[in-house]
Number of protein chains: 4
Amino acid sequence: MNQSIAKGVRNRAARGAPRTQTALRGALLALLEEQSLERITVREITARAGVGYATFFRRYPDKDALLHDLAASEIGNLLTMTLPIFHATDTVASTRVLCAYVWEHRALWKALLTGGAAAVLKDEYLRLALNELERHRNPDSWLPGDLAVTFSVTSTLEILAWWLKQGDPPSAQHMAEVLERLTVRPILARDAGTR
Amino acid sequence: MNQSIAKGVRNRAARGAPRTQTALRGALLALLEEQSLERITVREITARAGVGYATFFRRYPDKDALLHDLAASEIGNLLTMTLPIFHATDTVASTRVLCAYVWEHRALWKALLTGGAAAVLKDEYLRLALNELERHRNPDSWLPGDLAVTFSVTSTLEILAWWLKQGDPPSAQHMAEVLERLTVRPILARDAGTR
Amino acid sequence: MNQSIAKGVRNRAARGAPRTQTALRGALLALLEEQSLERITVREITARAGVGYATFFRRYPDKDALLHDLAASEIGNLLTMTLPIFHATDTVASTRVLCAYVWEHRALWKALLTGGAAAVLKDEYLRLALNELERHRNPDSWLPGDLAVTFSVTSTLEILAWWLKQGDPPSAQHMAEVLERLTVRPILARDAGTR
Amino acid sequence: MNQSIAKGVRNRAARGAPRTQTALRGALLALLEEQSLERITVREITARAGVGYATFFRRYPDKDALLHDLAASEIGNLLTMTLPIFHATDTVASTRVLCAYVWEHRALWKALLTGGAAAVLKDEYLRLALNELERHRNPDSWLPGDLAVTFSVTSTLEILAWWLKQGDPPSAQHMAEVLERLTVRPILARDAGTR
DNA sequence: CTCTAATCGAGACGGTACGTCGCGTCTTACG
DNA sequence: CGTAAGACGCGACGTACCGTCTCGATTAGAG
């Protein structure tokens with residue numbers, strides 16, 4: 001049968017099987033666009049990924065683990081891109097980069113931020129950002145560092161989620177401004193005085 | 001004639017809270033202080049409430065429904081207390097009231113905001129706040145009303161959650177200031193100009 | 001205490017409403033024509049009877065109790081009518097009376113014998129018939145009395161059930177003959193000899 | 001035949017009895033010896049079988065389905081053994097074989113016939129026997145074929161049940177005679193005439 | 001005719017079993 | 001070997017019905 005031929009063709013991309021991993025991530029992403037995370041079953045993921053059910057558990061201990069994996073890698077990108085915000089070098093430029101990046105991959109981020117994975121995303125983002133905070137202490141702020149991080153991370157994600165949910169979304173440029181004014185500037189504002 | 005009287009009184013419209021409902025809410029709250037929502041089973045709730053398992057489903061279709069109920073009523077309190085924020089009459093005073101209230105019931109709010117129920121709380125808060133927004137449109141803002149609401153609601157909750165999680169929490173007075181600076185003032189800031 | 005007084009009054013407490021009893025029996029019968037006994041719920045019975053749910057349990061401890069009650073009374077009629085069979089006075093006449101009676105109330109008996117109540121009917125019939133056997137021992141038979149009774153009762157009921165299930169049922173006259181040949185004559189046959 | 005060729009046979013056609021099925025049947029049988037069918041819960045069956053609760057429903061849709069399965073297979077044996085009765089070749093020999101077989105497995109049959117499974121057994125027996133009737137029509141009888149089958153099947157089962165219930169049961173030989181006289185001969189009797 | 005007490009309707013409730021669903025483990029055959 | 005296929009133990013879910021209970025409303029008999 002053709003299959004025997006196909007066997008020859010079959011290269012060992014599977015070696016260490018990144019194919020499986022990729023397929024699973026892709027499947028999860030695809031499903032996240034349709035329904036909330038907790039309504040997605042492992043069977044659906046593996047079916048969509050064209051992968052055996054048990055194979056899932058060889059790669060990940062858990063459904064959440066896959067999501068965390070997905071989240072960590074994507075958030076990683078995002079974070080390196082926006083680190084300058086924390087360094088206060090050029091906040092406006094950083095938010096612009098952030099928005100441009102998100103806009104470019106809006107399908108992905110819409111799934112991640114509005115699909116029921118948001119909580120995990122937030123956790124992962126927070127984890128990484130707090131990590132970063134450890135390394136670059138900036139003690140002379142009017143608010144505790146971890147509160148600042150928590151605030152800016154969560155509100156950033158919420159604002160992005162709002163953005164991607166809109167039927168007629170504002171421009172990335174505009175959102176960058178909004179982000180900067182809502183999540184960055186309040187933290188940096190030095191004088192707590194009158195507005 | 002008696003019929004009309006009797007019927008009005010009798011119908012189970014009022015069917016308020018014949019102990020079961022109260023017991024269930026209390027039990028859920030108690031459990032939320034110990035573990036995350038999704039780890040809590042309906043059986044645990046009913047056992048803790050001293051109520052039959054099936055009875056749960058006579059009141060609520062769902063575990064989430066109970067939580068929503070709980071959230072709605074508590075959030076209702078909170079919202080009426082903080083409505084002046086939206087009316088921009090006296091934002092600082094409002095945040096103070098808010099913080100004082102939360103502090104007074106910090107056991108309750110800690111459970112609600114840090115226990116895994118946060119997502120539902122947020123939804124409920126958002127729902128009510130957006131409702132309120134419908135009734136008091138304030139179109140001359142530099143950002144869309146629903147975005148403003150989303151931002152302030154979610155960041156308020158996150159900040160409160162952070163607060164209640166601290167081993168050595170700042171004073172309500174202080175948190176009120178923080179809240180005002182992070183979640184209220186940025187929205188009200190009229191000039192979008194440079195800082 | 002008041003109890004002693006109450007007790008005096010209490011005497012004919014239960015005898016209040018034979019209407020309830022009648023209604024329940026009727027409702028059960030009606031439902032038996034539609035579905036099997038175990039699929040009938042007490043709620044259905046009471047609803048059909050136009051009687052409060054709890055009222056059922058004031059009359060009967062059980063769903064089965066109602067059925068037994070129904071069965072016992074109907075079977076009672078049937079049995080008195082067919083006793084002569086056991087006395088062997090005139091078996092053919094007895095079976096004819098039996099069939100005529102069943103035919104006359106065929107709606108009732110169809111429900112009882114083909115509706116899922118058959119098992120209870122059989123038990124009740126057996127109980128009464130074995131009772132009767134106790135009183136009129138006839139030891140000089142080629143088979144044990146209780147086996148004879150069991151055989152004739154159960155096969156009689158089965159044959160009647162078959163009869164009432166037919167789309168185009170044979171005449172009562174004919175069925176009486178069948179009954180006599182299948183359930184009575186084999187028992188009475190004196191000589192066990194060859195045919 | 002094709003079957004010899006393939007593992008195709010092995011496929012999932014044979015899906016048959018990977019221990020679970022066997023275990024479940026055995027457990028049900030064991031329980032039937034102790035209590036009536038409707039008092040037996042699926043949990044008991046699975047516990048006794050050493051099988052997961054949900055697994056039960058992967059094999060059978062229902063508690064009754066398991067019983068039907070059990071019944072069908074056992075009745076199948078019985079029926080093939082007694083088919084000659086219907087062919088009227090040698091009725092006495094057939095009943096003897098029947099009784100011997102039942103006696104040999106009297107523990108099994110006692111459970112099946114006196115334990116509350118009798119109704120299902122009867123249904124299954126009837127179904128198979130009526131099937132058989134379809135294939136070997138014998139129209140020149142004084143009674144309708146299905147009535148004859150119904151009568152002999154049900155009374156056979158009742159008589160066997162009586163037998164197995166006795167503290168001091170008669171011999172198989174004797175019961176075969178009884179069976180023959182009560183359930184077979186009346187049907188075959190040619191002349192409907194006087195006795 | 002009124003007062004009192006029993007009864008009834010309505011239905012909430014505790015409880016038991018059901019049948020379903022999804023997880024994560026494990027086995028088996030295959031390429 | 002690793003993978004596809006899928007059976008299995010487990011445990012929570014939500015449903016259905018039972019039999020008990022409480023609560024007003026109704027009604028009948030005693031005064």
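Computation of the quantities below employed the complete heavy-atom set of this structure, encompassing side-chain atoms and omitting hydrogens, waters and symmetry-equivalent molecules. By convention in this document, chain letters (A, B, ...) are assigned in the order of the sequence lines, proteins followed by strands, and residues within each chain are numbered from 1.
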Checklist entry - Distance check: side-chain N/O of C:Thr55 vs OP1/OP2 of E:dG9, anything under 4.0 Å? => result yes
Checklist entry - OP1, OP2 of F:dA7 versus side-chain N and O of D:Thr20: anything below 4.0 Å? => result no
Checklist outcome for this item: When rounded to whole Å, the CZ to P distance for the pair C:Phe57 and E:dC8 reads 15 Å
Next on the checklist: Distance check needed: E:dA17 C1' versus D:Gln35 CD, whole Å only.
Outcome noted: 14 Å
Next on the checklist: If you assign D:Ala54 and B:Ile40 each to the DNA chain F nucleotide with the nearest heavy atom, which residue ends up on the more 5' nucleotide?
Outcome noted: D:Ala54
Checklist entry - Given F:dT3, is OP1 or OP2 found less than 4.0 Å from the side-chain N or O atoms of A:Arg59? => result yes
Item to check | C:Gln21 CD to E:dC8 P, straight-line distance once rounded to whole Å | outcome: 11 Å
Item to check | Atom pair distance, as rounded to whole Å: CD in A:Glu38 and C1' in F:dA12 | outcome: 14 Å
Item to check | Under-3.5 Å donor-acceptor pair between D:Tyr53 side chain and E:dG19 base | outcome: yes
Checklist entry - Atom CZ of B:Arg19 to atom P of F:dC23: distance rounded to whole Å? => result 13 Å
Next on the checklist: Can a side-chain donor-acceptor contact be found between A:Arg58 and A:Thr55 if the only test is distance below 3.5 angstrom?
Outcome noted: yes
Item to check | Pairwise distance NZ(B:Lys63) to CG(B:Leu37) - rounded to 0.5 angstrom | outcome: 5.0 Å
Item to check | Side-chain (D:Thr46) to main-chain (D:Arg43) donor-acceptor, under 3.5 angstrom | outcome: yes
Next on the checklist: Could you tell me how far apart C:Leu31 (CG) and F:dC17 (C1') are, to the nearest whole angstrom?
Outcome noted: 15 Å
Item to check | Under-3.5 Å donor-acceptor pair between B:Arg58 side chain and E:dG14 base | outcome: yes
Next on the checklist: Both D:Pro61 and A:Thr41 contact DNA chain E. Taking the nearest nucleotide for each, which residue is further toward the 5' end?
Outcome noted: D:Pro61
Item to check | Value in whole Å for how far the P atom of F:dC18 lies from CG of C:Leu66 | outcome: 12 Å
Next on the checklist: Tell me the interatomic distance from D:Asp64, atom CG, to E:dC18, atom C1', rounded to whole angstroms.
Outcome noted: 13 Å
Next on the checklist: Quick check: do A:Leu70 and A:Leu112 have side-chain heavy atoms less than 4.5 Å from each other?
Outcome noted: yes
Checklist entry - Do you know which two heavy atoms are closest between B:Gln21 and B:Tyr60, and how far apart they sit? => result CG-OH, 3.1 Å
Checklist entry - Quick one: on DNA chain F, does C:Val42 or A:Arg43 contact a more 5' nucleotide (nearest heavy atom)? => result A:Arg43
Checklist entry - More 5' along DNA chain E: C:Gly50 or D:Glu44, using each one's nearest nucleotide? => result C:Gly50
